[in-house]
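See below for the structure under consideration.
Because the structure is predicted, anything quoted here is derived from the model rather than measured.
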Amino acid sequence: MSDLNNLPTTYSPQEAENKWYKIWNEGKYFKPKAGKQKKTYTIIMPPPNVTGQLHMGHALDVTTQDTLIRFKRMKGFETLYLPGMDHAGIATQAVVEKMMAEEEKKSRHDYGREAFVKKIWEWKEKYGGIISEQQRTLGASCDWDYYTFTLDKIPNLAVKKVFVDWYNQGLIYQAERLVNWDPALQSAISDAEVDHIEVQGFFYHILYPIKDSNDFLEIATTRPETMFGDTAVAINPKDERWNKLIGKTAIIPICNRGVPIIGDEYVDLEKGTGCLKVTPGHDFNDFEIGKRHKLPLINILNPEGTLNKEAGEFAGFQCKKARKLVVEKLKELNLFKEEKKHTHQVGHGERSKVIIEPMLSKQWFLNVQQMSKIAVEKVKNNETIFWPKGWENTYFSWLNSPQDWCLSRQLWWGHQIPVFYCKDCKNQWASEEVASTCKKCNSKHIFQDPDVLDTWFSSGLWPFSTLGWPIESAMKEKGFEKFFPTSTLVTGYDIIFFWVARMMMMSIQILDKVPFKDVYVHALVRDKQGRKMSKSLANGIDPIEMVNLYGADAIRFTLAAGSGYNRNLNLDPERISGYRNFINKIWNAFRFIAPHLELAQSELPTISELTHHEKWILAELNQTTKLVNESFEEYRFDDACKTIYSFVYDKFCSWFIELSKNILNSEGHNDKRRRATVLKFSFRQIVALLHPITPYLSEELWSYLKTPAEDLLIAQEFPEYKSELHFQEDQEGMNKFTEVITNIRNLRMSVNIKPKDEVNVQIFLDTKEMEYFSKNSDEIKSQAKIIELKLLKKSESRPAKSIMSATTYCEIFLPLEGIIDLNDQIKRLEKELLKCEQEINKCTAKLNNANFMASAPPEVVFEVQKTAEDNKEKAESIRKNLVGFK
RNA sequence: GGGCGUUUAGCUCAGCUGGGAGAGCGCUACCCUUACAAGGUAGAUGUCGGGGGUUCGAUCCCCUCAACGCCCACCA
């Protein structure tokens, strides 16, 4: 331990961070331990992607989760903070494929499935999971023995069990449907993974000849290249312009195929030309029209997004290129009328960023119609509560119009679908075991479905698969019964659909329980100007860089201070340095106390022994404690931070430490000892209050404050409000004390008296204040640098040649020898007077208003009366003395 | 097109169920005062987006307009 008298003037976080994380972790402080609450508190960490680098969003996750965990742990809950990592099917496969292409000029097909998957595992061992190291840096107090990867054995068993059960129940089914096809991934993706992005495009006006006539139908489309897939042209039956053509045949240009002209209400008379080409194979709406009219369905695309042989001479071209060529060709044929600029929303792959093609394909789906209804119920009846409540709407809006979930992905990295096929008898069945023969005909010619499951399928099971489900021995070992349902899910609003909704549905369906009691939805971290942090803008702030610069506690405090019920957190690195300064301030407050720690006693003196200022600081601390507790319970991290900040800064450092200097430098042993005791007591409580937010600094300081027998701070009890430490009178007294001193300092400042120059002061008081001020006159003298302080009755005469200031209960005079700039003083006082008068006018207006007097509650009326009287007294003081100046 | 949200001091934001507006940072002046210059003391700043309404009283409730942002939804 360093010498308490020789601590450095600045706190250096690095040392403490390395030291304490290790001690906590090795000392098993992160492990769940039964506490006085006899209850558990569980947070399952949203598993970051294995490919991920820690960004500010993760840092915010960790900060809020770890703050809650540390808070609850100290409150005496048996806490489990369960870490993990997600295999992130698409993202990870993409990373490795890219690396392979760059380094070896090979594709996954060159390797084959087995070898490729092995390659990803190798990559994962080598590069994956840096993020969990970074989480440690931030102080995440997870039980790392619970660490789970979504492809681990148990989650895999969970996935298989759920799939097989639901397959057998018919909830999971296979269907040939129009799905969102990602040509880059060459896989289907779910609706949730499609982003609609606004794109500048064109309406191409094309003429479709009408069979057995010289007429044409003018059709507007954004996608001329899909005309090879057209199987009808649709017109609204109400459309007077064209409806007589319904029933005739239109000829698709270029391929010269005849298609029926049909009537369908879906067609919008206003949009385009009012004539719609119907391409059921590549448009979701057209697909519906096709169903209504029993139209054939033509697939014109290859899996990689090029046109297939249906497109004749355009086969092999990408859609974008084909579009140009088709337009040129139409121009040649004189069947092209015009193009008009048109902005529209086009679906893009959330990961791949390429345009998504609706395409007919056979996929696995989960029927969510029933489970989504129940998931809504559970939130409606408060079994799970969102904080802030407003996010429930987002959750509902998704679950109220659910599309069946497309589960299968044509990838290699992930949980392979546990469905088997027999080549001989065409039998299909689902099985948790890897089958070797056909269940039905015993044939050995069987194979497993090659697709893998959507990553979110395993994520949806996360709250219980991490706790050992469905393996009973594992559940017992991991404490499933104790920790499930979990307590709070902390996440950003961007994955309410992807994740929260799915965990709710799956958990309710499988276990008939909601997976968590609370959902705290935190803000998304943006840059100072509110822009999303992105690579292209280069506006990202790297949390680890910030940790290196300012320390983990500073960044945690900054993120916590920015986290309440807001949806954006605009982060300015300057704020981090600001809170670094605050942390340093605490460090230095400790340095002040440090030399006196030995003197302090372990128990607080009896209340009758305490001085006014001691009672005051204890009362303020007590109130702070109450507010901090309440704030954490309501996920108001911002309020908690503010409360602690202002107590430490504005109460403890600015006044209590200042007021303690004389005592600690005096000879009075008892006074010194008593004050040292109060200081130490307060400081122990301050670091305890701070610990959930700034674990490192607080643990470091605790090591000096604790008794040898006491455990680490992480394992201490969180401070609670104590009614016996509520001293209202002392808090009110102290308000006067600080007001008078501030007034005197203000006066000194107005005539440029240097801080170290001492002055004489006379205060004229109401008699009822006399006692308080004479009792505290020594402290007033020292705080305001006064040589001689005279406390006089208001009836006494005021000194000549002086400057003055008034409060509602006293007049403060500072007699001066030299020349005073009277104009300045008059201006200052007149301004002050004006304020009072405005206040008085407002009050009297109200008090003269009969309606106000009749309807306002009595305490409000009383308050107004008091304000009026106080201001009248103050104004009177100023006015009287102003006359003297003039 | 549907829904949600935001608009308060130069910047970032807080203001609980209506009683006359706050914080941090920044800024200005003065200070190396024996915990801290990553500091101290003092100070300035707001038609609480516009308009209307309810009320004795509106930053807060209702209506309306505007700007910005987000989410969902059809590539005619």
Cut-off 3.5 Å, side chains only: do [X] and [Y] have a donor facing an acceptor?
X       : Y       : result
R675(A) : S660(A) : yes
N743(A) : S805(A) : yes
E839(A) : T867(A) : no
Y208(A) : D230(A) : yes

Taking the side chain of [X] as heavy atoms from C-beta outward, which of [options] is closest to it?
X       : options                   : value
L276(A) : rG39(B), rA76(B), rG20(B) : rA76(B)
N581(A) : rC71(B), rG39(B), rA76(B) : rG39(B)
N566(A) : rA14(B), rA38(B), rG39(B) : rA14(B)
R580(A) : rA14(B), rC25(B), rA38(B) : rA38(B)
E658(A) : rG24(B), rA35(B), rA38(B) : rA35(B)
R636(A) : rG15(B), rA76(B), rC31(B) : rG15(B)
K756(A) : rC25(B), rC4(B), rC32(B)  : rC32(B)
V860(A) : rG19(B), rC31(B), rC72(B) : rG19(B)

Opposite nucleotide pairing with [N], Watson-Crick or G-U, both atom distances under 3.5 Å:
N       : result
rU28(B) : rA42(B)
rU34(B) : none
rG19(B) : rC56(B)
rG1(B)  : rC72(B)

With rounding to whole Å, what would you report as the distance between [N] and [M] at their [atom1] atoms?
N       : M       : atom1 : result
rU17(B) : rC13(B) : C1'   : 23 Å
rG5(B)  : rC62(B) : P     : 11 Å
rG46(B) : rC11(B) : C1'   : 14 Å
rU47(B) : rG22(B) : P     : 16 Å

What N/O pairs connect the protein and nucleotides 42-44 of chain B at under 3.5 Å? Give each pair on its own line.
unit_1	atom_1	unit_2	atom_2	d
rG43(B)	OP1	N746(A)	ND2	3.3

With distance as the sole criterion, do the side chain of K754(A) and the base of rC31(B) form a donor-acceptor contact below 3.5 Å?
-> no

What about K842(A), does its side chain sit under 3.5 Å from the base of rG57(B) through a donor-acceptor pair?
->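 Answer is no: no donor-acceptor pair is held.
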
Examine W391(A) together with F386(A) and report whether their ring centres are nearer than 6.0 Å.
-> no

Identify which one of K321(A), K324(A), K320(A), R323(A) satisfies the salt bridge (charged side-chain N to carboxylate O under 4.0 Å, His left out) criterion when paired with E225(A).
-> R323(A)

When the distance from [atom1] of [X] to [atom2] of [N] is rounded to whole Å, what number comes out?
X       : N       : atom1 : atom2 : value
N743(A) : rU41(B) : CG    : P     : 15 Å
D572(A) : rC11(B) : CG    : P     : 13 Å
I356(A) : rA73(B) : CD1   : P     : 13 Å
F557(A) : rC25(B) : CZ    : C1'   : 14 Å
L217(A) : rA76(B) : CG    : P     : 18 Å
N662(A) : rU34(B) : CG    : C1'   : 11 Å
Q345(A) : rA76(B) : CD    : P     : 10 Å
K271(A) : rA73(B) : NZ    : C1'   : 11 Å

Audit row: K785(A), E758(A), salt bridge (charged side-chain N to carboxylate O under 4.0 Å, His left out) steps and yes/no = CA-CA 5 Å; K785(A) 280 271 174 341; E758(A) 297 190 310; over 6 Å; no

Select from R567(A) and E574(A) the residue whose nearest nucleotide in RNA chain B is closer to the 5' end of that strand.
->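 Counting from the 5' end, the first nearest nucleotide belongs to R567(A).
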
Taking for each residue the nucleotide of RNA chain B bearing the nearest heavy atom, is the 5' side occupied by I657(A) or by N568(A)?
->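 In this pair, the answer is N568(A).
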
Considering only NZ, NE, NH1 and NH2 on the basic side and carboxylate oxygens on the acidic side, decide whether K238(A) and E265(A) come within less than 4.0 Å.
-> yes

Can any side-chain N or O of N236(A) pair as donor or acceptor with the backbone N or O of V267(A) at less than 3.5 Å?
->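 Here the side-chain-to-backbone pair exists.
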
Tightest non-hydrogen contact, residues W181(A) and M359(A), listed as CD1-CE, 3.2 Å

Any residue of residues 848-856 of chain A with a heavy atom less than 4.0 Å from an atom of RNA chain B =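 Those residues whose heavy atoms fall under 4.0 Å from RNA chain B, taken from residues 848-856 of chain A in numerical order, are N849(A), N851(A), F852(A), S855(A), A856(A).
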
F862(A), CZ: over 12 other non-hydrogen atoms inside 6.0 angstrom | no

Ignoring backbone atoms, establish whether N570(A) has a side-chain N or O less than 4.0 Å from OP1 or OP2 of rC13(B).
-> yes

